[in-house]
Amino acid sequence: MLNRLKELQIEAINEISNTTDLKELNDLRVKYLGKKGPIQEVMKNMKDMQPEERKSAGAVSNEVKNAISAAIETKKEELEALAIQQKLANETIDVTLPGRTVNIGVTHPLQAVTNELESLFISMGYTVEEGPEVEWDHYNFELLNLPKGHPARDMQDSFYITEESLLRTHTSPVQARVLEAAKGKGPIKIICPGKVYRRDDDDATHSHQFTQIEGLVVDTDVTMADLKGTLLELARQMFGQDREIRLRPSFFPFTEPSVEVDVTCSKCGGCGCNICKGTGWIEILGAGMVHPNVLEMSGFDSKVYQGFAFGIGAERIAMLKYGIEDIRNFYTNDLRFINQFK
Ligand code: PHE
């Protein structure tokens, strides 16, 4: 009987050492050490033994069971370690493989112009304001010295929504809003970029939606020389440090005096070419000293405060700066156009 137990031990250990998977190993545990296993079977004969014999048989059977258990444990650890090794090998990542290309967008030229002007004006102490695109007639016209029926309203053909609201025709209503919010107290130094809308037939130089950047400065000692200096700085920033500007008299109901501002042509430097139509000058924006009526209507004392304002057409600046010939390119979202600004 003792021999049979020893045989079983050798047989079991042999089988265990030949296993290559954990499931099989577990089956072997059940097979040899389970209640219906061969060792239990042999031990059934114990009841017929002499006490002495029974004692040594018990001891041997325990030794055999322990040896088999130990072999199983060792094998188990071995197989588990192997499984981890294999898993790691399968999941290896080749960090030298080339990556997938990610398409990175480009800044739209209008946004680029806006960004550039924002940083210029922020560096001069301005803050950036915003206003609604659906605006009250009150701010878009009335508070800008354009009462109902004023002939100059025809300069800006409008998309009305109701009798009293419309898509703003310019960013100037933000002037009125900022003045009103300041409750008669300066100083004010703001710019406001944004979309504006006018009823126009779209062609190479007209678009029913376009972009303006408004500027407004109000304080107790502001002169036209300040306006001119600011605009010169603007022109040089956008078109080059050797540019000059000139102011031509013009008319806007909300500024007095009003001017139109030209910059020396950056293509020919002022000698005359096809871009400046032979004049050497290119018009870039409208501006002027804030009309006393505008100040008064928004609660400012026009004897104490003066100001200047300007309205830049962002498309115009971008077209000149980048040589874009058709304003519709800004709005048709053709990637071949936009990707040129990488
Ligand atoms: N709002 C004017 C326009 O759209 C431009 C402008 C702004 C003129 C500020 C003077 C002062 O034509």
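What's counted below: heavy atoms across the whole structure, side chains too, no hydrogens, waters or symmetry copies. Both counts, for ligands and for their atoms, begin at 1 and track the order of listing.
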Participant: So, Lys321 side chain and Met238 main chain: donor-acceptor pair closer than 3.5 Å or not?
Facilitator: yes
Participant: Looking only at the side chains, is there a donor atom on one of Thr264 and Arg243 sitting less than 3.5 Å from an acceptor on the other?
Facilitator: yes
Participant: Return each pair, listed once, that meets ring pair (Phe, Tyr, Trp, His ring centres under 6.0 Å) where at least one residue sits in residues 271-306; pairs must be two or more places apart or across chains.
Facilitator: Phe300-Tyr305
Participant: Kindly print each ligand 1 N/O atom paired with any protein N/O atom under 3.5 angstrom away, one pair per line, or none if nothing qualifies.
Facilitator:
| residue | atom | partner | partner atom | Å |
| --- | --- | --- | --- | --- |
| ligand 1 | 1 (N) | His170 | ND1 | 2.9 |
| ligand 1 | 1 (N) | Ser172 | OG | 2.9 |
| ligand 1 | 4 (O) | Arg198 | NH2 | 2.8 |
| ligand 1 | 4 (O) | Gln212 | NE2 | 2.9 |

Participant: Which residues satisfy the side-chain contact (heavy atoms from CB on, under 4.5 Å) test with Ile10, sequence neighbours excluded?
Facilitator: none
Participant: Taking ring pair (Phe, Tyr, Trp, His ring centres under 6.0 Å) as the cut-off, I'd like each qualifying pair that reaches into residues 165-208, sequence neighbours left out, listed once.
Facilitator: His170-Phe254
Participant: Any side-chain donor-acceptor pair under 3.5 Å between Glu118 and Tyr126?
Facilitator: no
